[in-house]
Amino acid sequence: MRIDRWLPLCGIVFVALVVLTVVGSGSTPDATDSAAKVTSFYNTHSTREFVMAVLLAAATPFIVLFALSLASAAGSRERSSQWQIALLTGAGVVAAVFLMNALVHFALADAGNNGVGGSGIRAMNTLDNDDWIAFNGALGVMMLAAAGVLLTGIRSTPRWLAWCALPLGVALFIPFADFIALLLTGVWIIVQSLLLSLRRAEAASTVERSQTASAQA
């Protein structure tokens, strides 16, 4: 079985790992909390937060592979080629942003585990709390590019799904609306992953039947 049949499902793995890290991290300190409280939290929960940071980092290649499968499904049409590049670039930005947050979160856990306090740990905690603007912005870039790919290249994808990517990409840049858009983007990635996977499975099955028929002829 060819491995590229499973590439679209990388989107589901990405969403699952991100949700797991958010839920698994629990209620982390607020940006306004004192250095002592931040240090105490990460000292107490350092092992758990280490694991969550590693899982978040591990999620990054899956969003790139998902974008690769979506871009390749658009084929080689001239109109969609620029959107394919934009999609892969957007996925790379998403991966970079998530890796950076994983680094900050890992450093927080490391600082707390070693009893490091002061303004440094508070600054890292503020970055960790405000990472949503980078997350949402990066996903917004990817979703806008995905809309371009779907609307210009992939005809087998339902048009409503293609059009949904456009407002989601815009909403991810709008405060307050971005939270709902973030949740719906996760759902969108899961649905698109399943559709792409089914499409590839059907195409592979058609090829196998054709080869079998040719061999029997």
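A single hydrophobic cluster is seen to contain both L194 and V13, as judged by linkage of ILVMFWY side chains at heavy-atom distances under 4.5 Å, directly or through other members. Cluster annotation: W83 is connected to V94 through the hydrophobic network of ILVMFWY side chains, with a link wherever side-chain heavy atoms come within less than 4.5 Å. Under a hydrophobic clustering in which Ile, Leu, Val, Met, Phe, Trp and Tyr are joined whenever their side-chain heavy atoms come within less than 4.5 Å, directly or via other members, V64 and L99 fall into different clusters. The cluster map of Ile, Leu, Val, Met, Phe, Trp and Tyr, joined by side-chain heavy atoms under 4.5 Å apart, puts F41 and V116 in different clusters. Tracing side-chain contacts under 4.5 Å through hydrophobic residues (I, L, V, M, F, W, Y), one reaches W6 starting from F14; they form part of the same cluster.
Residues D178 and W132 have side chains in contact (heavy-atom distance under 4.5 Å, counting atoms from C-beta outward). At a threshold of 4.5 Å between non-hydrogen side-chain atoms, the residues F66 and L9 do not count as touching. Side chains of L139 and L182 form a contact here, defined as non-hydrogen atoms less than 4.5 Å apart. Side-chain contact check for N101 versus F135: some heavy-atom pair is nearer than 4.5 Å.
One N or O on the side chain of T152 and one on the backbone of G148 form a donor-acceptor pair closer than 3.5 Å. Panel note: side chain T60, backbone A57; a donor-acceptor pair is recorded below 3.5 Å. Of the possible donor and acceptor atoms, none in the side chain of R122 sits under 3.5 Å from a partner among the backbone N and O of S34. In this structure a side-chain-to-backbone donor-acceptor pair under 3.5 Å is missing from S40 to A36. No donor-acceptor pair under 3.5 Å is formed between the side chain of D131 and the backbone N or O of V97.
The aromatic rings of F106 and F50 sit tilted, their planes meeting at an angle between 30° and 60°.
In this structure, I190 CD1 and L195 CG are separated by 12.0 Å, a value rounded to the nearest 0.5 Å. Note that the CG atom of D30 and the CG atom of D128 stand 11.5 Å from one another [nearest 0.5 Å]. Atom OG1 of T21 and atom CE of M52 lie 7.5 Å apart (nearest 0.5 Å).
The two atoms that bring S69 and P8 nearest to each other are OG-CA, 3.5 Å, heavy atoms only.
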Stepwise side-chain contact (heavy atoms from CB on, under 4.5 Å) test for K37 and T32: CA-CA 10 Å; K37 185 174 181 178; T32 55; over 6 Å; no
Just do the side-chain contact (heavy atoms from CB on, under 4.5 Å) check on L108 and E49 with the steps written out, would you? CA-CA 9 Å; L108 267 172; E49 301 306 322; over 6 Å; no
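Around CD1 of I133, the count of heavy atoms belonging to other residues, nucleotides or ligands within 6.0 Å does not exceed 12.
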